[in-house]
Number of protein chains: 2
Amino acid sequence: MKKKLSIVDIANSLNVSKTTISFILNGRAQEKRIGAELVERVLKFVEEVGYKPNPLAKSLRTGKSNIIGLMVEDIANPFFASIARLIEDRAYNNGYKIIYCSTDNNTEKTKDLIEMYRDRHVDGYIIAPPEGIEDDINSLIKAGFPVVLFDRNLENVNADYVVVDNLFSTYNATRHLISQGYKNIAYVSFLSSQAQLTQRLQGYKNALKEYNLKPIVKEVLFNRDNDVIMEPIRTFLKKRKDDIDAILFGTNHIGVCGLRLFSELGIKVPDDIAVVSFDDYEVFQLFTPPISAIAQPIVQIADNVITTLLSKLNSPVKDKSVKTITLSTELNIRSSSAPAKSNVVPV
Amino acid sequence: MKKKLSIVDIANSLNVSKTTISFILNGRAQEKRIGAELVERVLKFVEEVGYKPNPLAKSLRTGKSNIIGLMVEDIANPFFASIARLIEDRAYNNGYKIIYCSTDNNTEKTKDLIEMYRDRHVDGYIIAPPEGIEDDINSLIKAGFPVVLFDRNLENVNADYVVVDNLFSTYNATRHLISQGYKNIAYVSFLSSQAQLTQRLQGYKNALKEYNLKPIVKEVLFNRDNDVIMEPIRTFLKKRKDDIDAILFGTNHIGVCGLRLFSELGIKVPDDIAVVSFDDYEVFQLFTPPISAIAQPIVQIADNVITTLLSKLNSPVKDKSVKTITLSTELNIRSSSAPAKSNVVPV
DNA sequence: CTGAAAGCGCTAACAC
DNA sequence: GTGTTAGCGCTTTCAG
């Protein structure tokens, strides 16, 4: 096992100062007017012996770690997992590694995590922020760390955001259901004051209002255990299933829980209840009947997030300007929201 | 913004040597017989000012980074994402952070990744290894790094493994199909010489052999693009769908591709073709009809992986012994493999 | 153009 | 019991 060599080793072998080596390796040879021949020789030798600067030492010295902290709600959720995958690729291609964690939307946990990342000298942050984390994020920003938030807005945090147009998405989806002839449209989602969820709720309400329809909202508490999530929805469905002719689900997670209950309770889609869910997902495409869904542009989200972060990371001057990128979703209409048996209303 | 303080700062403030601080903070006060009163005072002060040792400096000095490298095939695959989630929790609870990456089963990419991790002084490795990576893993082990492999075995690599009993799983699933009266059972999977896949194929063949049935195997190349995966399967199904009465899918990914094609080609499950797939997954549970699946014990896998790694990480003496943990799967029988219309064979 | 030397913050021999 | 000091490997100022 060949011992790991350091910059001094190679400096000695070449009878050159380690400063020179450092300059050459960091591409500052030109600037420092180091002889082309020497540069050549050093590079060749370094290549030959496979020398690699110790990134830890480098980090200690420069304060940069080349690590990006990625904080999502739950890495096992396909929406976040897909985004993580896309971000990973771009980050690695740009010389950054990713440390990830799942916040579970838990504020305290997230605070700890941010602190840990900070201790670790993470260079930049990509966060799907839980509620109540505003101060911590602001302090990150004030300390000069590049931060990109996604999936949801935070009030009073002046950061870069990549989000989708939640309000219009559910507004549009609800109108779609109305135009298909549904009149008693329920909205089932998680109870939360997070921006993306309140907006989705609002979009739904706005559409109903236009048509003078009455909102039927069922919000449940988030829980890591699906059974706990399903229980209140089960009760709700049992009680109300005959008054309701359509449901809009606020997230993929809750949508899947809903579908499970449909099977269990013998509810037929779309004859008994028509369905649209937020987030598109394999399950929705393959379900019988296929479920109409509001597809978030995952690739674009990931792309914008990482592009924004990398540009902040690479810009030598601290650019204090922030931007909010709002992407639009696509309503994938499938048979779960086929026209109602009764009658169709032009919209 | 309060400047980050270092160990000297707090040593100075307290008029104590930084060595003493270091000892106290590392719990070696007793051993070094440092006055209980002083220890108290230091701890209190450190707490008060919120001092945190710089982990980078610590790493540089000690060579330990408290980071675990997690290499999976694809973090967006629900099987790996779920495992990543479980591993993450345990790692963080034990003071370790996780750097992840997706290998895409690409040997060259994985080699690079291992090298990167090594440069980064990752303390331990959790890897779902691609083919051809044996030498690199062996060199990792020889260099004394704790390595836990999972999901698949590597010949000639003497490491700790956490795997499932692939051979018995498909053997058992195939027998199940036979017992339900199916006779022309195809096996559709990825073409690969990775142990988990060859074993799955073998289990299928073994079962057929016992009943003198002829194997019908379709193996396709892996590709990140689903359409490319589906194309050869589409051709296969079109040509053979009338000779086949059941299919066993080798992975969740290929199973989902298969299901998509069934819809497209109008193949009815289980009347035209009965189905069992490796890996259980929401899509399979919610599909109509629900798809029988070989469920891997995800929680147990993750648990064994991280427990094994942590114990290696914490054991002061380099334990050269390795163990292979083989977990058993569960065959979740659902209506996709209901008894064949024709006749049922006792098994 | 090149080199000496001063740290980055921490640990751990080795004195005192 | 406590303090001095020498690094871990690298970057970067400042002299030559």
Side-chain angles (χ1 to χ4, degrees), chain A residues 2-43 45-46 49-66 95 118-123 316, chain B residues 2-43 45-46 49-66 95 118-123 316:
Chain A
K2 59 168 184 277
K3 182 80 184 64
K4 197 82 178 154
L5 2 76
S6 82
I7 197 168
V8 243
D9 296 326
I10 102 112
N12 289 339
S13 310
L14 255 34
N15 274 319
V16 185
S17 144
K18 60 173 180 163
T19 311
T20 312
I21 309 290
S22 174
F23 283 146
I24 294 177
L25 259 31
N26 290 304
R28 304 177 56 189
Q30 191 96 37
E31 167 191 345
K32 294 293 174 181
R33 309 215 230 158
I34 296 174
E37 177 265 344
L38 212 204
V39 172
E40 177 83 1
R41 201 152 58 87
V42 169
L43 257 23
F45 184 75
V46 163
V49 300
Y51 164 73
K52 293 276 205 44
N54 179 336
L56 250 44
K58 203 169 195 157
S59 293
L60 179 58
R61 188 60 234 244
T62 61
K64 312 245 121 278
S65 61
N66 275 277
R118 213 167 155 165
D119 289 343
R120 279 259 152 227
H121 289 217
V122 157
D123 287 344
Chain B
K2 60 166 184 277
K3 181 80 186 63
K4 198 81 182 159
L5 5 73
S6 82
I7 196 168
V8 261
D9 296 325
I10 102 113
N12 288 340
S13 309
L14 255 36
N15 275 318
V16 185
S17 144
K18 61 174 180 162
T19 311
T20 312
I21 310 288
S22 174
F23 283 145
I24 294 177
L25 258 31
N26 290 304
R28 302 177 58 188
Q30 190 96 37
E31 168 192 343
K32 293 293 174 181
R33 309 215 232 158
I34 297 173
E37 177 265 344
L38 212 205
V39 172
E40 177 83 3
R41 201 153 56 87
V42 170
L43 256 24
F45 184 76
V46 163
V49 299
Y51 164 72
K52 292 277 204 45
N54 178 336
L56 250 41
K58 203 170 194 156
S59 292
L60 180 59
R61 189 59 235 240
T62 61
K64 312 246 120 279
S65 61
N66 276 275
R118 213 169 155 163
D119 289 343
R120 280 260 153 227
H121 289 217
V122 156
D123 288 344

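Proteins get letters first, then strands, A, B, ... in listed order; numbering begins at 1 in each. In this text, all values refer to a predicted model and were calculated from it rather than measured experimentally.
Note that NZ of B/Lys32 is 11.5 Å distant from CG of B/Asn26, once rounded to the nearest 0.5 Å. To the nearest 0.5 Å, atom OG1 of residue B/Thr62 and atom CG of residue B/Leu60 are 8.5 Å apart. Distance check, rounded to the nearest 0.5 Å: CD1 of B/Ile24 to CD of B/Glu40 gives 10.5 Å.
When the P atom of D/dG3 is taken as reference, atom CG of B/Leu38 falls 8 Å away, rounded to whole Å. When the P atom of C/dC10 is taken as reference, atom CZ of B/Phe23 falls 15 Å away, rounded to whole Å. Between B/Lys64 atom NZ and D/dC8 atom C1' there is a gap of 14 Å when expressed in whole angstrom units. C/dG9 atom P lies 16 Å from atom CD1 of B/Ile21, rounded to whole Å. Here the P atom of nucleotide D/dT2 and the CD atom of B/Gln30 are 13 Å apart, to the nearest Å. The CG-P distance, from B/Leu25 to C/dG9, rounds to 16 Å in whole Å. Between B/Asn12 atom CG and D/dT2 atom P there is a gap of 17 Å when expressed in whole angstrom units. Atom pair B/Ile24:CD1 and C/dC10:C1' shows a separation of 15 Å (rounding to whole Å applied).
Closest approach of A/Lys18 to A/Val8, counting heavy atoms only: CD-CG1, 4.4 Å. Nearest heavy atom pair, residue B/Thr20 against residue B/Leu38, reads CG2-CD1, 4.0 Å.
Taking only side-chain nitrogens and oxygens, A/Tyr51 never comes nearer than 4.0 Å to OP1 or OP2 of D/dG9.
B/Ser17 contributes no side-chain N or O that forms a donor-acceptor pair with the base of D/dT4 under 3.5 Å. At a cut-off of 3.5 angstrom, the base of C/dA4 holds at least one donor-acceptor pair with the side chain of A/Thr19.
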Check against side-chain contact (heavy atoms from CB on, under 4.5 Å), A/Asn66 and B/Arg120: CA-CA 10 Å; A/Asn66 275 277; B/Arg120 280 260 153 227; 3.5 Å; yes

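Judged by distance alone, with hydrogens and angles left aside, the side-chain atoms of B/Asn12 form no donor-acceptor pair with the main-chain N or O of B/Asp9 at under 3.5 Å.
In this structure, of D/dT2, D/dT12, C/dT2, it is C/dT2 that holds the atom nearest to the side chain of A/Thr20.
Sequence order on DNA chain D of the closest nucleotides to A/Ile7 and A/Lys32 puts A/Ile7 first from the 5' end.
Counting non-hydrogen atoms under 4.0 angstrom, A/Gly63 reaches nothing in the nucleic acid. Nucleic acid contact for A/Ser6: sugar-phosphate only, since backbone atoms but no base atoms lie under 4.0 Å from a heavy atom of the residue.
Scanning residues 52-62 of chain B for heavy-atom distances under 4.0 Å to DNA chain D yields B/Leu60, B/Arg61.
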